[in-house]
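The structure's right below; bear with me while I get my questions together.
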Amino acid sequence: MIRGALRHTRRWMLGSGLAAAVLAALIIRHMPEVAAWRWYLSSGKPAMTAGDLALAQPLRWFDDYYVVADLGQGVYAIGEPRYWQCNFSYLIVGTQRALLFDTGPGIRDIRKVVGALTALPVEALPSHLHFDHVGNLSRFEDVALPDLPELREQAHQGAFTLGFYQFLGFVEGFRRPIFKVRRWIAPGAEIDLGDRTLTLLSVPGHTPDSVALLDRRTDRLFAGDFIYPSEIYAYLPGANLHDYAASARRVAKELGEDAAVYGGHGCDRLPTVEVPALRRSDVLALAKSLELADEAGWRAGTGWFPREIAVNDRMRLLAKYRWMRP
């Protein structure tokens with residue numbers, strides 16, 4: 001009887017140990033989702049930046065929340081330095097119409113800023129579908145999205161429904177907006193604004209549907225969260241290191257040596273607020289760090305999850321592992 005009880009105990013312990021190991025493996029594989037829920041538990045609502053802020057030229061206050069910079073040649077940076085992520089959206093104006101690249105988290109209505117800068121019809125296009133970039137989309141009549149099969153499947157009778165982790169807004173208490181898509185733009189297509197043409201670049205990596213805008217005539221890239229000066233997130237749900245590195249290499253080939261690269265977040269030098277402008281060399285540095293993170297695994301960077309890898313003096317890559325769930 002004692003021997004039988006011991007055998008039963010050993011089998012139970014073996015089974016429990018196996019179950020625990022399987023559970024641990026599942027949790028590790030799903031660490032990007034776990035990271036999102038940790039963000040929610042530590043925040044749950046939008047955090048705001050208090051105190052005095054100093055604006056670097058050419059930024060100026062539009063009101064008590066938004067800042068604006070005239071970047072020349074019909075391009076305006078619209079920043080939100082009071083919001084902790086310090087989003088920057090870009091209004092690009094042609095002779096016939098304008099395009100707003102990203103719309104911020106929606107804490108304030110960005111349309112009043114846009115309306116003060118141009119009287120032309122405005123189309124809104126997000127760089128990707130995270131909550132801090134699509135918050136004002138439902139306030140615009142003309143909304144465009146990249147023409148990707150997976151995004152087309154989310155549109156029903158013209159209305160687009162955001163996925164839970166695709167939007168990620170729960171981490172700060174934002175509700176998923178529903179908006180109508182008026183136009184689908186194929187990656188690689190040119191967007192004619194009248195005497196100004198932009199090229200839509202597909203740059204998967206930060207998210208599967210990330211895009212950037214290239215103005216070949218002025219050698220300017222509007223990058224969204226593809227690249228910006230601060231912590232580069234490559235560990236949340238949807239991130240893919242291999243795709244990200246390939247995107248960075250491809251984008252670098254499109255840029256001239258003196259190209260200006262405008263990112264989707266600033267405030268890396270608070271209390272001074274600057275337009276988040278980078279160069280082609282920064283894109284190359286990011287590509288190198290992404291390749292290292294993808295190929296070297298745990299041997300690259302510091303920490304376990306997310307791993308932190310220095311890109312240069314203005315950027316740090318926060319990375320997942322290639323075997324983790326995208």
Side-chain angles (χ1 to χ4, degrees), residues 30 32-41 43-47 80 83-85 87-90 99-111 114 122-187 200-213 222-226 228 233-240 243-244 247 264-265 320 325-326:
H30 288 262
E33 290 97 328
V34 173
W37 283 101
R38 287 175 59 189
W39 185 351
Y40 164 74
L41 292 173
S43 177
K45 62 181 180 180
E80 304 177 49
Y83 173 54
W84 78 277
Q85 292 201 69
N87 284 69
F88 271 81
S89 305
Y90 296 90
L99 186 144
L100 180 63
F101 192 52
D102 283 333
T103 69
I107 294 171
R108 296 276 188 95
D109 189 343
I110 201 172
R111 290 178 303 173
V114 173
V122 176
E123 182 176 56
L125 169 69
S127 63
H128 61 297
L129 298 173
H130 280 166
F131 67 96
D132 53 317
H133 294 261
V134 302
N136 276 296
L137 278 186
S138 60
R139 291 177 166 135
F140 287 87
E141 292 185 4
D142 292 330
V143 174
L145 286 183
D147 194 356
L148 302 173
E150 56 271 25
L151 296 186
R152 284 269 192 175
E153 292 177 358
Q154 293 176 242
H156 303 282
Q157 296 181 338
F160 189 88
T161 303
L162 290 156
F164 184 74
Y165 286 113
Q166 183 182 53
F167 177 59
L168 270 184
F170 76 96
V171 300
E172 291 188 6
F174 288 98
R175 294 184 177 181
R176 282 179 281 178
I178 297 176
F179 53 88
K180 290 188 177 294
V181 181
R182 290 292 183 91
R183 184 159 72 126
W184 297 90
I185 306 175
L200 184 72
L201 302 180
S202 176
V203 291
H206 177 67
T207 68
D209 45 48
S210 292
V211 294
L213 290 175
F222 304 94
D225 279 6
F226 164 68
Y228 52 88
Y233 285 14
Y235 71 94
L236 291 171
N240 185 300
D243 290 348
Y244 210 154
S247 293
H265 297 273
K320 65 198 297 186
R325 180 180 169 87

**Q.** Which residues share a side-chain contact (heavy atoms from CB on, under 4.5 Å) with Pro208, sequence neighbours left out
**A.**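 side-chain contact (heavy atoms from CB on, under 4.5 Å) check on Pro208 returns nothing, list empty.
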
Q | Closest approach of Ala212 to Ala223 (non-hydrogen atoms, all atoms of both residues) | A |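 Looking at all heavy atoms of both residues, the shortest contact is CB-CA, 4.1 Å.
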
Q | Residue pairs, two or more places apart or on separate chains, that pass salt bridge (charged side-chain N to carboxylate O under 4.0 Å, His left out) and touch residues 151-171 | A |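 Salt bridge (charged side-chain N to carboxylate O under 4.0 Å, His left out) check on residues 151-171 returns Asp147-Arg152.
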
Q) With a 4.5 Å limit on heavy-atom distance, are the side chains of Gln166 and Leu151 in contact? A)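 They are in side-chain contact.
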
Q. Listed by chain and number, what are the salt bridge (charged side-chain N to carboxylate O under 4.0 Å, His left out) partners of Glu123, not counting sequence neighbours?
A.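 Glu123 satisfies salt bridge (charged side-chain N to carboxylate O under 4.0 Å, His left out) with Arg97, Arg183 only.
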
Q. Listed by chain and number, what are the salt bridge (charged side-chain N to carboxylate O under 4.0 Å, His left out) partners of Arg38, not counting sequence neighbours?
A.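 Arg38 satisfies salt bridge (charged side-chain N to carboxylate O under 4.0 Å, His left out) with no other residue.
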
(Q) Distance check, rounded to the nearest 0.5 Å: Ser127 atom OG versus Asn87 atom CG? (A)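 Result: 9.0 Å between the selected atoms.
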
Q.
If you compare all heavy atoms of Ala239 against all heavy atoms of Lys320, which two are closest, and at what distance to 0.1 Å?
A.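 Minimum heavy-atom contact is O-NZ, 2.8 Å.
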
Q | is_close_aromatic(Tyr165, Phe167), centroid dist under 6.0 Å | A |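 Between Tyr165 and Phe167, the centre distance exceeds or equals 6.0 Å.
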
Q) Relative to the ring of Trp37, is the ring of Tyr40 parallel (under 30°), tilted (30 to 60°) or perpendicular (over 60°)? A)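 Aromatic pair Tyr40/Trp37 classed perpendicular.
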
Q. Heavy-atom distance under 4.5 Å between the side chains of His265 and Glu80, does that happen here?
A.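 They are not in side-chain contact.
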
Q. Looking at residues at least two apart in the chain, or sitting in another chain, which of them share a ring pair (Phe, Tyr, Trp, His ring centres under 6.0 Å) with Phe101?
A.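 For Phe101 there are no ring pair (Phe, Tyr, Trp, His ring centres under 6.0 Å) partners, ignoring immediate neighbours.
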
Q | Greater than 12 external heavy atoms within 6.0 Å of Glu141's CD | A |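 Check fails, neighbour count at 12 or below.
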
(Q) To the nearest 0.5 Å, what is the distance between CG on Leu137 and OG1 on Thr103? (A)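 The distance works out to 4.5 Å.
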
**Q.** Leu201 vs Leu213, side-chain contact (heavy atoms from CB on, under 4.5 Å): CA-CA, chis, key distance, verdict
**A.** CA-CA 6 Å; Leu201 302 180; Leu213 290 175; over 6 Å; no

(Q) I want to check something: taking the side chain as every heavy atom from C-beta on, are Gln85 and Pro105 in contact at a cut-off of under 4.5 Å? (A)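 No. Closest side-chain heavy atoms not under 4.5 Å.
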
Q: Verify side-chain contact (heavy atoms from CB on, under 4.5 Å) between Asn136 and Arg111, making sure each step is shown before the conclusion.
A: CA-CA 8 Å; Asn136 276 296; Arg111 290 178 303 173; 5.9 Å; no

Q | Val211 vs His128 side-chain heavy atoms within contact, under 4.5 Å | A |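 The answer is no; the side chains never approach within 4.5 Å.
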
Q) Should Phe222 and Phe88 count as side-chain neighbours, where that means a heavy-atom distance under 4.5 Å? A)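 Heavy-atom side-chain distance check fails, nothing below 4.5 Å.
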
Q: Taking side-chain contact (heavy atoms from CB on, under 4.5 Å) as the test, write out the residues that go with Ser247, two or more places apart.
A: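 Ser247 satisfies side-chain contact (heavy atoms from CB on, under 4.5 Å) with Val203, Pro204, Phe226, Arg250 only.
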
**Q.** Residue list, salt bridge (charged side-chain N to carboxylate O under 4.0 Å, His left out) with Arg182, at least two apart or on another chain
**A.**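 Salt bridge (charged side-chain N to carboxylate O under 4.0 Å, His left out) list for Arg182, sorted by chain: Asp142.
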
Q: Only pairs at least two apart or in different chains count here, so list each salt bridge (charged side-chain N to carboxylate O under 4.0 Å, His left out) that has a residue in residues 161-171.
A: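 Output for this query is empty, none listed.
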
Q.
Going by the rule side chain to side chain donor-acceptor pair (under 3.5 Å), which residues pair with Trp39 if we only count those two or more places apart in sequence or in a different chain?
A.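 Per chain and number, Trp39 pairs via side chain to side chain donor-acceptor pair (under 3.5 Å) with no residue.
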
Q. Residues two or more places apart in sequence or in another chain: which of them pass ring pair (Phe, Tyr, Trp, His ring centres under 6.0 Å) with Phe140?
A.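 Phe140 satisfies ring pair (Phe, Tyr, Trp, His ring centres under 6.0 Å) with no residue once adjacent residues are dropped.
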
**Q.** Side chain to side chain, Ile110 and Leu100, heavy atoms closer than 4.5 Å
**A.**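 Yes, close enough: below the 4.5 Å cut-off.
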
Q) Any side-chain heavy atom of Leu145 sitting closer than 4.5 Å to one from Leu129? A)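 Heavy-atom side-chain distance check passes, below 4.5 Å.
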
Sequence neighbours left out, cut at 3.5 Å: what donor-acceptor pairs do the side chains of residues 168-180 make with other protein atoms?
unit_1: Glu172; atom_1: OE1; unit_2: Tyr83; atom_2: OH; d: 2.7
unit_1: Glu172; atom_1: OE2; unit_2: Trp84; atom_2: NE1; d: 2.7
unit_1: Arg176; atom_1: NH1; unit_2: Leu162; atom_2: O; d: 2.9

Q: Measure from the side-chain N and O atoms of Asp102 to the backbone N and O of Gly104, and report whether any donor-acceptor pair falls under 3.5 Å.
A: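 Checking the backbone N and O of Gly104 against the side chain of Asp102, no donor-acceptor pair under 3.5 Å is found.
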
**Q.** Residues that Asn240 engages under side-chain contact (heavy atoms from CB on, under 4.5 Å), provided they are two or more places apart
**A.**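 For Asn240, the residues satisfying side-chain contact (heavy atoms from CB on, under 4.5 Å) (neighbours in sequence not counted) are His242, Asp243.
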
Q.
Let me confirm one number: the OH-OG distance from Tyr244 to Ser210, rounded to the nearest 0.5 Å.
A.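 Atom-to-atom, Tyr244:OH and Ser210:OG are 7.0 Å apart.
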
Q) Does the side chain of Leu99 come within less than 4.5 Å of Val122's, by heavy atoms? A)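 No - every pair of side-chain heavy atoms lies 4.5 Å or more apart.
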
